[in-house]
Student: 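Here it is, the structure in full.
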Protein chains: 2
Amino acid sequence: MARISDIIELFIKELLDEAHNQSVEIQRNELANYFNCAPSQINYVLTTRFSLDKGYLIESRRGGGGYIKIVQINIDRQQHIKLILDQVGNSIGKMKATGIINVLKNRELITERECIIMRAAISDRTINTPVNIKDDIRANIVKGMIIALFNDCGRE
Amino acid sequence: MARISDIIELFIKELLDEAHNQSVEIQRNELANYFNCAPSQINYVLTTRFSLDKGYLIESRRGGGGYIKIVQINIDRQQHIKLILDQVGNSIGKMKATGIINVLKNRELITERECIIMRAAISDRTINTPVNIKDDIRANIVKGMIIALFNDCGRE
DNA sequence: TAAACTAAAGTCAAAGAAAGTCAAAACGGA
DNA sequence: TCCGTTTTGACTTTCTTTGACTTTAGTTTA
């Protein structure tokens with residue numbers, strides 16, 4: 001029931017919190033062993049929960065003494081908005097879109113209430129169109145809202 | 001003979017009553033199993049009895065650890081919101097939708113920034129779908145945003 | 001020093017676990 | 001009987017978990 005991926009995600013985020021330098025190194029096999037899961041599960045967590053659009057950078061090394069390093073990137077607002085708009089592209093799924101909106105909130109670029117509004121606007125149920133265009137519309141909505149809110153970016 | 005849909009509806013409403021925060025999470029298959037009906041019956045109940053117009057928000061996730069979450073606004077305490085939802089209806093043009101959003105702002109129910117986000121979300125350019133469904137989607141988005149904002153969880 | 005070994009991490013696809021969709025069949029009231 | 005509502009089930013989509021196989025890098029050995 002409780003997703004192991006979520007538990008691992010939380011664990012890593014706690015590690016990041018503790019490490020004040022906003023980056024942390026793990027051993028894939030060790031972690032997999034600790035959580036009693038397949039090592040590739042760690043990769044799954046990293047790609048789905050610690051992707052670039054969520055504000056993380058992964059760097060790693062194989063072989064003896066290998067490691068995986070998770071870095072929380074810290075960029076200024078303008079760059080960040082630009083990065084996010086790029087990540088949205090012309091089509092975006094609900095998961096990814098929600099992730100992006102959450103990042104905006106975590107970085108305190110939007111408030112809790114604004115976050116709630118945005119998430120509602122891109123929910124799968126509200127955009128009840130044929131599947132094939134759903135993600136396109138969602139991309140437009142996400143970008144539209146972000147641009148409207150931060151349209152001073154780029155100016156001055 | 002009592003319709004199973006009505007029984008399920010009641011059951012969910014009881015769950016919502018018990019839940020302090022006016023929101024509840026269910027497992028579709030589990031519930032279907034409990035009531036001995038087809039899983040898709042649950043979807044039927046949700047779409048016919050827990051629609052946006054009735055003041056409910058549904059959010060869900062597939063795959064392992066999936067769930068369906070039903071959120072309710074307190075219609076009694078917020079009759080004015082219900083009135084606004086009714087005004088939106090099943091389909092709404094950009095002009096009228098913008099008007100409603102402006103009313104929310106004038107009554108200081110939403111901030112200037114929230115107003116900007118909402119207007120962006122329902123603009124004609126962001127909702128780039130075939131004309132015939134554009135106003136339907138817009139109605140959903142407006143209602144979804146309003147319900148999300150005015151349910152009990154949404155208020156910090 | 002090159003080859004062999006060991007110790008990591010990466011990839012990818014299949015299997016599993018949910019929920020969603022849609023239309024046909026069944027039901028029930030006017 | 002007819003028509004709108006409900007029920008059912010086959011099929012689809014999305015997300016997660018697992019495991020076999022690959023790649024890379026350091027270490028040992030002939």
Student: May I ask you to test the B:L16-B:Y56 pair for a side-chain heavy-atom distance under 4.5 Å?
Tutor: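 B:L16 vs B:Y56: side chains touch.
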
Student: For atom CG of B:N90, decide whether the heavy atoms of other residues, nucleotides or ligands shown that lie under 6.0 angstrom number more than 12.
Tutor: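 Check fails, neighbour count at 12 or below.
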
Student: Quick one: on DNA chain C, does B:N43 or A:G63 contact a more 5' nucleotide (nearest heavy atom)?
Tutor: A:G63

Student: Quick one: does B:K96's side chain get under 4.5 Å of B:V88's, heavy atoms only?
Tutor: no

Student: Return the residues of residues 44-53 of chain A meeting this criterion: a heavy atom under 4.0 Å from some atom of DNA chain D. Order them by number, or give none.
Tutor: A:Y44, A:R49

Student: Starting from C1' on C:dC22, measure out to CG on A:N128 and report it in whole angstrom.
Tutor: 15 Å

Student: Take atom CG of A:N33 and atom P of C:dA8, then tell me their distance rounded to the nearest Å.
Tutor: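 Atom-to-atom, A:N33 to C:dA8, this comes out as 12 Å.
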
Student: According to a strict under-4.0 Å criterion, is B:Q41 in side-chain N/O contact with OP1 or OP2 of D:dT6?
Tutor: no

Student: What orientation do A:F11 and A:F35 show, parallel under 30°, tilted 30 to 60°, or perpendicular over 60°?
Tutor: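 It falls in the perpendicular class, over 60°.
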
Student: Give one of base, sugar-phosphate or nothing for A:I42, where a contact means two heavy atoms less than 4.0 Å apart.
Tutor: nothing

Student: Starting the side chain at C-beta, find the nucleotide from D:dT14, C:dA18, C:dA8 nearest to B:Q27.
Tutor: C:dA18

Student: Could you state the atom-to-atom distance from CZ of A:R28 to C1' of C:dG10 in whole Å?
Tutor: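 Checked: the CZ to C1' distance equals 6 Å.
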
Student: Which of these nucleotides, C:dA9, D:dT8, C:dG20, is closest to any side-chain atom of B:C37?
Tutor: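 Looking only at heavy atoms from C-beta outward on B:C37, the closest nucleotide is D:dT8.
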
Student: Look at the side chain of B:N29 and decide which nucleotide, out of D:dT7, C:dT21, C:dA19, has an atom nearest to it.
Tutor: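 The nucleotide sitting nearest to the side chain is C:dA19.
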
Student: Over how many whole Å does the gap from A:M95 atom CE to C:dA19 atom P extend?
Tutor: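 It is 13 Å, rounded to the nearest whole Å.
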
Student: Respond yes when some side-chain nitrogen or oxygen of B:R61 is under 4.0 Å from OP1 or OP2 of C:dG20, and no when none is.
Tutor: no

Student: Evaluate whether atom CG of B:N106 has more than 12 neighbouring non-hydrogen atoms of other residues, nucleotides or ligands under 6.0 angstrom away.
Tutor: yes

Student: To the nearest Å, how far apart are A:D124 CG and C:dT21 C1'?
Tutor: 13 Å

Student: What is the distance, to the nearest angstrom, from the CZ atom on A:R3 to the C1' atom on C:dA19?
Tutor: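 The distance from CZ of A:R3 to C1' of C:dA19 comes to 12 Å, rounded to the nearest Å.
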
Student: Which residue lies toward the 5' end of DNA chain D, A:S40 or A:G65, if each is placed at its nearest nucleotide?
Tutor: A:S40

Student: Are side-chain heavy atoms of A:I58 and A:V71 found at a separation under 4.5 Å?
Tutor: no

Student: Using only modelled atom types and a 3.5 angstrom limit, is any donor from either the side chain of A:R62 or the base of D:dT23 paired with an acceptor on the other?
Tutor: yes

Student: Flag this pair as yes if the NZ/CZ of B:K13 is under 6.0 angstrom from the six-membered ring centre of B:F50 and inside a 45 degree cone about the axis; otherwise no.
Tutor: yes

Student: Select from A:S5 and B:A38 the residue whose nearest nucleotide in DNA chain D is closer to the 5' end of that strand.
Tutor: B:A38

